Amino acid sequence: MSNSPFLSSCTSETIRDAAKALKAGHLVAFPTETVYGLGADARNPVAVKRIYEVKGRPSDHPLIIHISSINQMQKWTSEVPDYAISLARTFWPGPLTLILKRSDLVQDFISGGQDTVGLRVPSDSVALALISEFESISDSAIAAPSANRFGQVSPTSSQDVQDELGLYLSNVDSILDGGTSRIGIESTIVDCTNQHPIILRSGFITKEDIESTLGIDEVQLKSTSAIKFSGSFEKHYAPKCRVILESLEGENSGFFALSDIPTPPGMTRLGSPSSVDEFARRLYSTFRIADHQGFKILVVIPPKGSGLAMAINDRLEKASRGR
Ligand code: TXA
Ligand code: MG
């Protein structure tokens, strides 16, 4: 199929055009600080249906609505506990998604039939400009999952989006190029529909960050057994090659670890991040590189510790369970 989507660099003009394209019901993939998203008008059922088709994602998996500021929160929600407002004030714009009781504006085609909605204000300047522009011409906001096929690795560059979805997008859709994602793993998701917050997906904003903001001792982390929650399918986050989390002697495999860990004999080093942040930023692109170079096995030595290291370990554990 020669229906490739239009790839454009980000200028105020291409962002304005992208907002108009969203209004016309087309899809726009855009950069965020976590991973690239595949956006559509959150109030247009036909456009949103196309997100599910392009991703090959089951329709009962809810989408996050991306808004431009905390001022837009009320429009999409019916109930916001005080602790959710504190989290939004502290971490927005940023890599945090809040799950809240939805307003009537949020229809079943976004929420997968649940009575809740996920909201996020990303901090990436292109994302924010696109969302603001779209809000100003549409009285809506941008629904967007990560811009990868269902169960595959999230994209952290416009080229990754092209590789993942190029075949499935059409020439009225577009991809905005905003360079490499600064954080590299998906947002932290916090369920704010109960008396106390529950972390559904770990990320750059850590359990400790949330606890210290709210002055709470132990914020609960829910295991990913409920299928509506992100990454709960075992095959999520896995590249095609087998991911192994310890060194195997004598294997001709790819190797990814912090820079102070030496490369075992016979392995090919695919990266030496010097910090946990850099580890997160490069993790998914290393999965892609390992597949691209045809490795059957990728050995990854997980960083130790809490915080972001925990979010990385969560992804790695799932990746190591394979497809
Ligand atoms: O960093 C991110 O969050 C990226 C960027 C593009 O914003 N988005 C992202 O979207 O990772 P997605 O759809 O790939 O993952 C979001 C997960 C989904 O798997 C979904 O199950 C969960 O969030 N989710 C969304 N709305 C929800 C809701 N109302 N209740 C429970 N889980 C929800
Ligand atoms: Mg995803």
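These numbers come from the heavy atoms of this one structure, side chains and all, not from hydrogens, waters or symmetry mates. Keep in mind that this is a model prediction, so the values were computed, not measured. One is the number of the first residue; the rest follow in order along the sequence. Order of appearance sets the numbers: ligands from 1, and atoms from 1 within every ligand.
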Examine [X] against ligand 1 and note whether any of their N/O atoms are separated by less than 3.5 Å.
{"X": "Ser146", "result": "yes"}
{"X": "Tyr36", "result": "no"}
{"X": "Arg201", "result": "yes"}

Please check if the number of heavy atoms outside Asp260 that lie under 6.0 Å from its CG is greater than 12. yes

When you look at CG of Asn194, are more than 12 heavy atoms from neighbouring residues, nucleotides or ligands closer to it than 6.0 Å? yes

Atoms of ligand 1 close to [X] [distance to a heavy atom under 4.0 angstrom, numbered from 1]:
{"X": "Glu186", "result": "1 (O), 11 (O)"}
{"X": "His66", "result": "5 (C), 6 (C), 7 (O)"}
{"X": "Ser187", "result": "1 (O), 2 (C), 3 (O)"}
{"X": "Gly37", "result": "6 (C)"}

Within 2.8 Å of the Mg ion (ligand 2), is there any N, O or S atom belonging to Ser154? no

For [X], which part has a heavy atom under 4.0 Å from ligand 1: side chain, backbone, both, or neither?
{"X": "Arg102", "value": "neither"}
{"X": "Thr116", "value": "both"}
{"X": "Arg57", "value": "side chain"}
{"X": "Ile189", "value": "side chain"}

Could you check whether any side-chain N or O of Asp173 sits under 3.5 Å from a backbone N or O of Leu27, counting only pairs where one atom can act as donor and the other as acceptor? yes

Do NZ/NE/NH1/NH2 and the carboxylate oxygens of Glu53 and Arg149 come within less than 4.0 Å? no

Side-chain ion pair, Glu164 and Arg288, N-O less than 4.0 Å: yes

Nearest 0.5 Å, please: how far is CG in Leu245 from CG in Leu298? 9.0 Å

Hits for side-chain hydrogen bond (donor to acceptor under 3.5 Å, both in side chains) against Asn44, two or more places apart or cross-chain, chain-then-number order -> none

Tell me, please, which residues at least two apart from Phe279 pass ring-ring contact (aromatic ring centres under 6.0 Å, His included). Phe256

